Amino acid sequence: MANGQWYPPEWPERIRALAEGTLTPVAPRRAATVMLLKDTDSTPVVHMLRRRASMAFAGGAYAYPGGGVDPRDDDRQIRWAGPTRAWWASRLGVDETTAQAIVCAAVRETYEEAGVLLAGPTEDTVVGDTTGEEWEADRAALVARNLSFAEFLERRGLVLRSDLLGAWTRWITPEFEPRRYDTWFFVAALPEGQRTRNASTEADRTVWIRPADARDGYDKGDLLMMPPTIATLRQLGAYATAAEALAAAPGRDMTPVLAQARLEGGELVLSWPGHDEFTKHIPTGGASA
């Protein structure tokens, strides 16, 4: 393997079935993921987790904290700081209730998987240490879906700090995948006083790593990643601080990236628009290049 691109062995067969019209794409689930940054003396580092090898989707791959949207967060009114729901709806390309649910998912998943909470008692504060027993009980209830994020915020008297997030990019899982996600990627800075931990049951390792080092590990084939992960890591390399990355987020193009599969010259060609490095040429015999 020339690099660490996640490439399941069943893809060629599914791509051929899609091209031949015998595979019906499943509808993608809404999801959100967060590139959590913190500054060091030399460069920002990003929090990443390694998905357990036993996971059905992207097992063994490095990723950011993230997961599916909880429909219970669509329309329940919550205390909200930062840009309005209407602003977020325009930025994310959805309606206002969906925008709220997506932003809630980004904040909730960061708390569930990294123990970091982008919320506070007022519109200009953030909670401190969230490692106590009562916090952990609430986090576990969120993971189990016994508690919605809106209910959690209301119970705690917290304001969701949407101003601490920046919408970065949007990727949709290819149509030939059996598990599909329409994922909005966000960037955020680690709040002062909080610290990350491996709180995810889906990860066997977490790291703070320089984007350049993560990219090098991928290029050498040492770190397995999905295309949107390595693509965003390459983009983050342009920023000297977490604040710079956050400031750049509002100007980012949010047009969804969706892989395209086509038959061309006796081979299957898999490509991601705007990301030529991920193009795969698959001979009809099944081998990939």
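Along the sequence shown, the residues carry numbers beginning at 1. It should be emphasised that the depicted structure is a prediction, and the values quoted were computed from it without experimental measurement.
Between D222 and K220, no side-chain nitrogen of the basic residue sits less than 4.0 Å from a carboxylate oxygen of the acidic one, so the salt-bridge criterion is not met.
By the 30° and 60° cut-offs, the orientation of the rings of Y111 relative to F152 is parallel.
Rounded to the nearest 0.5 Å, atoms CD (E192) and NZ (K38) are 13.0 Å apart. Taking CG of L165 as the reference point, atom CG of D163 lies at 8.5 Å (rounded to 0.5 Å). Of the inter-residue distances, the one linking D129 atom CG with L117 atom CG reads 11.5 Å to the nearest 0.5 angstrom. A distance of 6.0 Å separates CG in L18 from CD in E175, rounded to the nearest 0.5 Å. Atom CZ of R108 is separated from atom CD of E112 by 5.0 Å, given to the nearest 0.5 angstrom. Summarising the geometry, atom CZ belonging to F149 is positioned 10.0 Å from atom CD belonging to E109; distances are rounded to the nearest 0.5 Å.
Residues P256 and W171 fail the side-chain proximity criterion, which asks for heavy atoms closer than 4.5 Å.
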**Message:** Under the criterion side chain to side chain donor-acceptor pair (under 3.5 Å), I'd like the reasoning laid out for Q235 against W168: C-alpha separation, chi angles, the key distance, then a yes or no.
**Reply:** CA-CA 10 Å; Q235 294 157 1; W168 192 262; 2.8 Å; yes
**Request:** Take R155 and D138, measure what salt bridge (Lys or Arg N to Asp or Glu O under 4.0 Å) needs, and give me the verdict at the end.
**Result:** CA-CA 10 Å; R155 174 189 296 181; D138 279 349; 3.1 Å; yes
**Request:** Go through the steps to decide whether E136 and E133 satisfy the test side-chain contact (heavy atoms from CB on, under 4.5 Å), and finish with yes or no.
**Result:** CA-CA 5 Å; E136 179 57 25; E133 291 184 5; 5.6 Å; no
**Message:** For a side-chain contact (heavy atoms from CB on, under 4.5 Å) check, start with the C-alpha distance between M225 and L233, then their side-chain angles and the critical distance, and finish with the verdict.
**Reply:** CA-CA 10 Å; M225 297 180 200; L233 283 168; 3.5 Å; yes
**Message:** Test salt bridge (Lys or Arg N to Asp or Glu O under 4.0 Å) on D182 and R30; report intermediate values, then the result.
**Reply:** CA-CA 5 Å; D182 184 352; R30 298 174 299 166; over 6 Å; no
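Atom CD of E13 is surrounded by 12 or fewer heavy atoms from other residues, nucleotides or ligands within 6.0 Å.
Closest approach of V127 and Q194 over heavy atoms only: O-NE2, 3.0 Å. Scanning all heavy atoms of the two residues, the minimum distance from A32 to A106 falls at CB-N, 3.7 Å. Of all the heavy atoms in A99 and R85, the pair that sits closest is CB-O, 4.1 Å. Nearest heavy atom pair, residue A259 against residue P174, reads CB-CG, 3.6 Å. For the residue pair A242 and A189, the shortest heavy atom distance occurs at CB-CB, 4.1 Å.
A search for ring pair (Phe, Tyr, Trp, His ring centres under 6.0 Å) contacts involving W135 returns nothing, not counting sequence neighbours.
Between the R79 side chain and the G157 main chain, a donor and an acceptor come within less than 3.5 Å of each other. Without hydrogens or angle criteria, R161 side chain to A81 main chain gives no donor-acceptor distance under 3.5 Å. T206 places no side-chain N or O within donor-acceptor distance of the main-chain N or O of L49, the cut-off being under 3.5 Å. Remark: side-chain polar atoms of R215 are not paired, donor with acceptor, to backbone N or O of I230 under 3.5 angstrom. A donor-acceptor pair under 3.5 Å is absent between the side-chain atoms of E177 and the main chain of T173, judged by distance alone.
For the residue pair D276 and T279, no side-chain donor N or O sits within less than 3.5 Å of a side-chain acceptor on the partner. Looking only at atom types and distance, the side chain of S148 has a donor-acceptor partner in the side chain of E151 under 3.5 Å away. Looking at W272 and E277, their side chains never bring a donor and an acceptor atom within 3.5 Å of each other. Defined by atom type and a distance below 3.5 Å, a donor-acceptor pair is present between the side-chain atoms of R205 and Y62.
In the hydrophobic clustering of this structure, L164 groups with L92; members are Ile, Leu, Val, Met, Phe, Trp, Tyr whose side-chain heavy atoms approach within less than 4.5 Å, directly or through other members. L258 and Y181 fall into different hydrophobic clusters, where Ile, Leu, Val, Met, Phe, Trp and Tyr side chains are chained together by heavy-atom contacts under 4.5 Å.
Of the residues listed (T232, T33, T229), the one engaging Y64 in a side chain to side chain donor-acceptor pair (under 3.5 Å) is T232, and it is the only one.
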